[in-house]
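One structure below.
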Amino acid sequence: MSYKIMKQNNFLYLLNDALQNQNIQLALDSVKTFKAVDLADILSQLPLDSAQLLLINLPQRAYVFSYLAPEVQVKIGNGLSRADLAEIIGEMSS
């Protein structure tokens with residue numbers, strides 16, 4: 001296993017741990033420098049509950065959501081409240 005993959009797996013583990021412990025600010029701080037496309041990739045690698053929690057708290061959530069593959073959008077969207085999903089979709093550009 002390459003160092004880069006180990007480093008990425010460690011990051012995902014720590015990010016997931018922060019989200020599971022409801023430490024939203026730590027999670028947001030750890031991804032604040034990432035581009036939307038990279039955040040979408042991270043969301044697709046996290047467990048569903050963590051991905052949903054991170055997504056609804058991201059400042060640019062609609063933009064990130066637009067980068068998710070359609071099947072990942074459906075998977076994540078199905079677990080969100082109707083209000084949260086409606087807000088995200090409403091924030092997306094047409």
Side-chain angles (χ1 to χ4, degrees):
M1 186 180 283
S2 76
Y3 176 72
K4 185 176 180 180
I5 292 172
M6 287 183 354
K7 191 174 176 182
Q8 180 182 3
N9 288 342
N10 190 43
F11 172 76
L12 289 171
Y13 174 80
L14 293 172
L15 179 60
N16 184 52
D17 187 58
L19 292 163
Q20 292 296 313
N21 289 307
Q22 300 295 311
N23 195 337
I24 307 303
Q25 193 56 54
L26 176 61
L28 292 174
D29 288 345
S30 65
V31 299
K32 69 181 174 187
T33 61
F34 285 76
K35 295 178 181 175
V37 66
D38 296 324
L39 283 169
D41 183 50
I42 289 168
L43 287 173
S44 66
Q45 294 181 60
L46 287 171
L48 184 58
D49 58 338
S50 293
Q52 292 164 333
L53 183 58
L54 180 58
L55 178 66
I56 63 172
N57 285 286
L58 287 172
Q60 70 276 29
R61 60 191 180 178
Y63 191 50
V64 172
F65 193 75
S66 71
Y67 277 103
L68 292 169
E71 63 273 8
V72 178
Q73 287 179 337
V74 169
K75 188 171 115 178
I76 290 176
N78 280 337
L80 295 176
S81 72
R82 283 183 160 204
D84 285 334
L85 184 57
E87 280 184 34
I88 291 170
I89 292 172
E91 293 168 5
M92 293 176 76
S93 66
S94 44

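Side chains are part of it too, since the values below use all heavy atoms of this structure and drop only hydrogens, waters and symmetry mates.
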query = Got a sec, which residues hit side chain to side chain donor-acceptor pair (under 3.5 Å) with D38, two or more places apart in sequence or on another chain?
reply = none
inquiry  = For N78, give me all partners under side chain to side chain donor-acceptor pair (under 3.5 Å), at least two apart in sequence or on another chain.
reply    = none
4.5 Å side-chain heavy-atom contact, L26 and N21 = no
query = Does anything in residues 81-94 pair up under salt bridge (Lys or Arg N to Asp or Glu O under 4.0 Å), and if so which pairs, sequence neighbours excluded?
reply = R61-E87, R61-E91
ask   = Are V37 and I88 connected in a single hydrophobic cluster, I mean Ile/Leu/Val/Met/Phe/Trp/Tyr linked by side-chain heavy atoms less than 4.5 Å apart?
value = no
Side chain to side chain donor-acceptor pair (under 3.5 Å) involving Q25 - partner list, sequence neighbours excluded = D29
message = Using the rule that Ile, Leu, Val, Met, Phe, Trp and Tyr join whenever any side-chain heavy atoms are under 4.5 Å apart, tell me whether L46 and Y63 fall into a single cluster.
response = no
Which atom pairs, one a donor and one an acceptor, fall under 3.5 Å between side chains of residues 48-57 and the rest of the protein, sequence neighbours left out?
| from | atom 1 | to | atom 2 | distance (Å) |
| --- | --- | --- | --- | --- |
| D49 | OD1 | Q20 | NE2 | 3.4 |
| D49 | OD2 | Q20 | NE2 | 3.0 |
| S50 | OG | N16 | OD1 | 2.3 |
| S50 | OG | Q20 | NE2 | 2.7 |
| Q52 | NE2 | I76 | O | 3.1 |
| N57 | ND2 | L53 | O | 2.7 |

remark   = dist S30:OG -> L19:CG (nearest 0.5 Å) comes out at 7.5 Å
key: Gap between atom CG of L39 and atom OH of Y67 - 0.5 Å precision   = 11.0 Å
query = If you look at every heavy atom in A40 and L68, which pair is closest and at what distance?
reply = O-CD2, 3.3 Å
key: From CD (Q45) to CG (D41), nearest 0.5 Å   = 4.5 Å
request  = Search all heavy atoms of Q73 against all heavy atoms of S66 and return the closest pair with its distance.
outcome  = NE2-CA, 3.8 Å
ask   = Considering residues at least two apart in sequence or located in another chain, which fulfil the side chain to side chain contact (heavy atoms under 4.5 Å, CB included) criterion with A86?
value = none
ask   = To the nearest 0.5 Å, what is the distance between CZ (F34) and CD (Q60)?
value = 11.5 Å
inquiry  = Taking L14 as the starting point, is it possible to reach V31 by hopping between hydrophobic residues whose side chains are less than 4.5 Å apart?
reply    = no
